[in-house]
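Quick notes on the structure that follows.
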Amino acid sequence: MRIENPERMAELGARIAAELRAGDLVLLNGELGAGKTTLTRGIGAALGVRGAVTSPTFVLARTHPREGKAPLVHVDAYRLTSAMELDDLDIDFSSSIVIVEWGADLMEGIADEWLSVDIVRPHGGQKVSSGAVDENTDENTDAEPREVSIAAHGARWAHSPLLS
Ligand SMILES: Nc1ncnc2c1ncn2[C@@H]1O[C@H](COP(=O)(O)OP(=O)(O)O)[C@@H](O)[C@H]1O
Ligand SMILES: [Mg+2]
């Protein structure tokens, strides 16, 4: 589906959030600046998490508690090189909602069911001048459409209304 701007991306996050419960895993794929963190922020807002959802690049994983509900664990696997390193984070998958940016190649053997969201910038990354894109950067704030596809892996998501 076509997502026109960051606000629409946040709305998609809200639609995804409505389907999420403890034990769920969502993998976000797409190049730097694609909108993975923007989508996660939308999910977090709709889940009503405590604390701002920002790019967790330098902390690898950040847990956002929720009053009386499963926390949102936001992982940035960009710097992880093996599934073992991901395992070392000791994430309590069964009692959390876990979102992993860049996790596509790491989840084999750690989980067997997830929703995967692929975000593509059809016009490439020309707006990103250098380095990481994060919430502290003023560049790359221009709205630009993204192409998003959602796929299921495992029975949990097989009949999800989110599938494109
Ligand atoms: N259609 C869109 N969807 C999502 N983000 C967009 C869109 N158009 C522009 N942007 C901007 O692109 C950037 C995406 O950054 P971010 O979400 O941190 O990407 P990633 O986590 O994939 O590296 C943000 O600055 C966001 O405002
Ligand atoms: Mg990110």
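All ligand and atom numbering here is 1-based and tracks the order in the structure. Index from 1, following the sequence.
- Residue Thr37: an N/O/S atom is found under 2.8 Å from the Mg ion (ligand 2).
- The shortest N or O to N or O distance between Gly35 and ligand 1 is below 3.5 Å.
- At a 4.0 Å heavy-atom cut-off, ligand 1 touches Glu101 through the side chain alone.
- Checking side-chain atoms of Lys36 against main-chain N and O of Glu31 turns up a donor-acceptor pair under 3.5 Å.
- In summary, Arg2 and Glu4 engage in a salt bridge, as defined by a charged side-chain N under 4.0 Å from a carboxylate O.
- For ligand 1, the polar-atom distance check against Ala143 finds no nitrogen or oxygen pair separated by under 3.5 Å.
- Short contacts between ligand 1 and Leu32, defined as distances under 4.0 Å to a heavy atom of the residue, involve ligand atoms 23 (O).
- Of all the heavy atoms of Thr38, the ones lying under 4.0 Å from any atom of ligand 1 are found in both the backbone and the side chain.
- When distances from the Mg ion (ligand 2) to the N, O or S atoms of Glu101 are compared, OE1 comes out shortest.
- The contact set between ligand 1 and Asn5, taken as ligand atoms under 4.0 Å from a residue heavy atom, comprises 1 (N), 2 (C), 3 (N).
- Distances from ligand 1 to the non-hydrogen atoms of Gly30 include no value under 4.0 Å.
- Those atoms of ligand 1 that come under 4.0 Å of a heavy atom in Glu4, given as number and element, are 1 (N).
- Trp102 and Tyr78 have tilted rings, their planes meeting at an angle from 30° to 60° on a 0 to 90° scale.
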- For side chain to side chain contact (heavy atoms under 4.5 Å, CB included), just list the numbers for Asn29 and Ile119, CA-CA rounded to whole Å, side-chain angles, deciding distance to a tenth of an Å, and then say yes or no. CA-CA 6 Å; Asn29 312 301; Ile119 309 175; over 6 Å; no
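- Distance CZ/Arg156 to CG/Asp24: 4.0 Å, rounded to 0.5 Å.
- Among the candidates Asp142, Thr38, Leu39, the single residue satisfying the side chain to side chain contact (heavy atoms under 4.5 Å, CB included) test with Pro6 is Thr38.
- Of the heavy atoms in Glu31, only backbone atoms (N, CA, C, O) come closer than 4.0 Å to ligand 1.
- Between the side chains of Thr54 and Arg41, no donor-acceptor pair is found at a separation under 3.5 Å.
- Close contacts of ligand 1 with Glu144, meaning ligand atoms under 4.0 Å from a residue heavy atom, involve 1 (N), 2 (C), 7 (C), 8 (N), 9 (C).
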- Message: What verdict does the side chain to side chain contact (heavy atoms under 4.5 Å, CB included) test give for His153 and Leu115, after you've listed the backbone C-alpha separation in whole Å, the side-chain angles of each residue and the deciding distance to 0.1 Å?
- Response: CA-CA 6 Å; His153 193 284; Leu115 191 72; over 6 Å; no
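- A donor-acceptor pair shorter than 3.5 Å can be found between the side chains of Thr37 and Glu101.
- Contact annotation: for Met9 versus ligand 1, heavy atoms closer than 4.0 Å belong to the side chain alone.
- Of the heavy atoms in Asp142, only backbone atoms (N, CA, C, O) come closer than 4.0 Å to ligand 1.
- Other residues, nucleotides and ligands contribute only 12 or fewer heavy atoms inside 6.0 Å of the CG atom of Asp105.
- Atoms of ligand 1 lying under 4.0 Å from at least one heavy atom of Thr37, given by number and element, are 17 (O), 18 (O), 20 (P), 21 (O).
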